[in-house]
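Start at 1 and go down the list; that is how both ligands and their atoms are numbered.
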Amino acid sequence: MMKKFLNLGLQPLANSYITRNKLNHKEKKFKLIVGFNPKNYLVSILNTIPKEKMFNDKYPYKSSESLTMKKSFKDLSVEIKKKFKPNLILEIGSNDGAFIKNFKKNCVIGVEPCKNLAKITRYKGYKTFSEYWDVSLAKKISKKKKIDVIYSANTLSHIENFSEIFKAVNLSLSDKGILILEDPSLLECIKNVAYDQFYCEHIYVFSAIALKKILDKFNFEIFDIQNTKTHGGSNRYFIKRKKNSFYKLNPNVLKNIVVEKKNGLHKFSTYKRFANKVLLSKKRLIQVVKKIKKNKKRIIGYGATAKSCTVLNYCKINDKQIDFFYDTTSYKISKFLPGSKIEVKKYKKLKKNVTDYVFLGAWNFKKEIFKKERDFIKSGGKFITHIPYPKII
Ligand code: TMP
């Protein structure tokens with residue numbers, strides 16, 4: 001039974017950017033409520049949206065927009081080649097190919113249901129199936145040759161039916177084959193009061209203790225965990241069949257579990273405390289923005305992320321406070337953020353004569369962005385962030 005702990009209000013679909021001619025149309029909204037399951041420690045949103053409504057032929061998010069993500073995928077591919085020497089690799093949710101492009105074309109397969117993205121990798125010569133990962137696709141792909149490494153980053157959190165996923169993985173992995181999952185870490189989300197990790201597509205934010213329980217049901221187990229910096233702090237789980245004794249259990253697994261328990265991720269009271277902090281964060285962000293607007297200063301946004309959608313709609317911040325957002329993603333440019341209806345403009349290097357304050361929508365790329373915008377910062381330009389608590393930097 002799910003126990004509710006956080007109500008983020010009525011929210012539009014986070015990646016449904018609005019075209020100018022549809023600005024006056026009524027948007028579809030849903031109640032964004034987050035709950036905790038004390039039995040399996042899983043944290044998830046309670047009202048889910050049919051996947052076909054979110055992952056279609058107009059999916060705007062591209063992994064390759066960020067240098068941080070490109071580097072992270074490249075480094076991981078080097079590690080995979082060295083450690084596991086796979087003959088065949090498959091990525092579930094291959095997006096625009098930021099990961100698979102690091103492998104030879106004849107030894108990697110992409111699976112990407114969003115047709116606009118699958119088209120990109122297919123065009124570049126990578127075998128890509130534009131379908132949802134399921135048992136029938138797994139059978140089709142692995143009929144002749146089993147897969148040695150299945151990788152999936154920021155995708156399992158989007159998929160409601162675990163059973164189908166893990167059955168398909170089990171069917172298609174070779175005897176020594178492994179699964180690598182990478183998703184935002186619940187511990188980091190709680191520590192950073194990053195409530196914007198919750199939106200329609202992020203059904204779950206995983207902890208190691210919850211994933212362990214889920215995998216148990218399907219006879220899989222985690223044999224290593226790496227804590228990475230991507231997406232505001234993620235965990236990369238290395239998973240094998242329980243009967244596969246080829247890989248030893250790394251002490252990192254127990255270490256992560258102990259830390260998560262120390263931080264109370266197995267207790268409902270932790271989530272109630274988190275919800276109180278979220279409420280405080282909202283109040284404080286509204287105050288910060290109000291004060292700037294009272295002084296008649298301009299605010300623009302940086303990185304029109306799906307996460308921003310949760311923040312802006314929860315805090316009821318709109319185009320009266322934030323003039324526009326800069327973003328590098330061509331699909332988002334000249335459209336409007338769902339709910340808040342703030343325009344997204346083509347990215348230009350920040351200049352103090354354009355704005356004094358910049359709301360950091362893409363806070364998960366803070367390091368990369370601050371490096372890129374050092375001239376703006378040097379000239380006295382300021383950023384507003386809500387992570388870990390609302391402040392001006
Ligand atoms: P994400 O937080 O969901 O990964 O989305 C990041 C968004 O931020 C994506 O739309 C691209 C955008 N972005 C920029 O516009 N400039 C940048 O320098 C970076 C790193 C990201």
Report the C-alpha distance between Y237 and N235 in whole Å, list the side-chain angles of each, state the deciding distance to 0.1 Å, and finish with yes or no for side chain to side chain donor-acceptor pair (under 3.5 Å).
CA-CA 6 Å; Y237 304 96; N235 284 340; 3.1 Å; yes
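- Residues satisfying the salt bridge (charged side-chain N to carboxylate O under 4.0 Å, His left out) test with E91, not counting sequence neighbours, are none.
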Distances only, to 0.1 Å: what are the N or O pairs between ligand 1 and the protein that fall under 3.5 Å?
| from | atom 1 | to | atom 2 | distance (Å) |
| --- | --- | --- | --- | --- |
| ligand 1 | 2 (O) | K307 | NZ | 3.0 |
| ligand 1 | 2 (O) | N364 | OD1 | 3.4 |
| ligand 1 | 2 (O) | N364 | ND2 | 3.0 |
| ligand 1 | 4 (O) | Y61 | OH | 3.0 |
| ligand 1 | 10 (O) | D327 | OD1 | 3.0 |
| ligand 1 | 10 (O) | D327 | OD2 | 2.8 |
| ligand 1 | 10 (O) | T329 | OG1 | 3.1 |
| ligand 1 | 10 (O) | K332 | NZ | 2.6 |
| ligand 1 | 15 (O) | T328 | N | 3.0 |
| ligand 1 | 15 (O) | T328 | OG1 | 3.4 |
| ligand 1 | 18 (O) | K372 | NZ | 2.5 |

Kindly indicate, with the supporting measurements, whether the criterion side chain to side chain donor-acceptor pair (under 3.5 Å) is fulfilled by Y314 and Q11.
CA-CA 8 Å; Y314 177 58; Q11 293 274 351; over 6 Å; no
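- Annotation: side-chain hydrogen bond (donor to acceptor under 3.5 Å, both in side chains) contacts involving residues 185-213, sequence neighbours excluded, comprise N15-E201, Y59-E201, D196-W363, D196-H386, Y199-H202.
- Pairs passing the side-chain hydrogen bond (donor to acceptor under 3.5 Å, both in side chains) check and including a residue from residues 44-58, sequence neighbours excluded, read T48-E160.
- The ring of F370 has its center closer than 6.0 angstrom to the ring center of F383.
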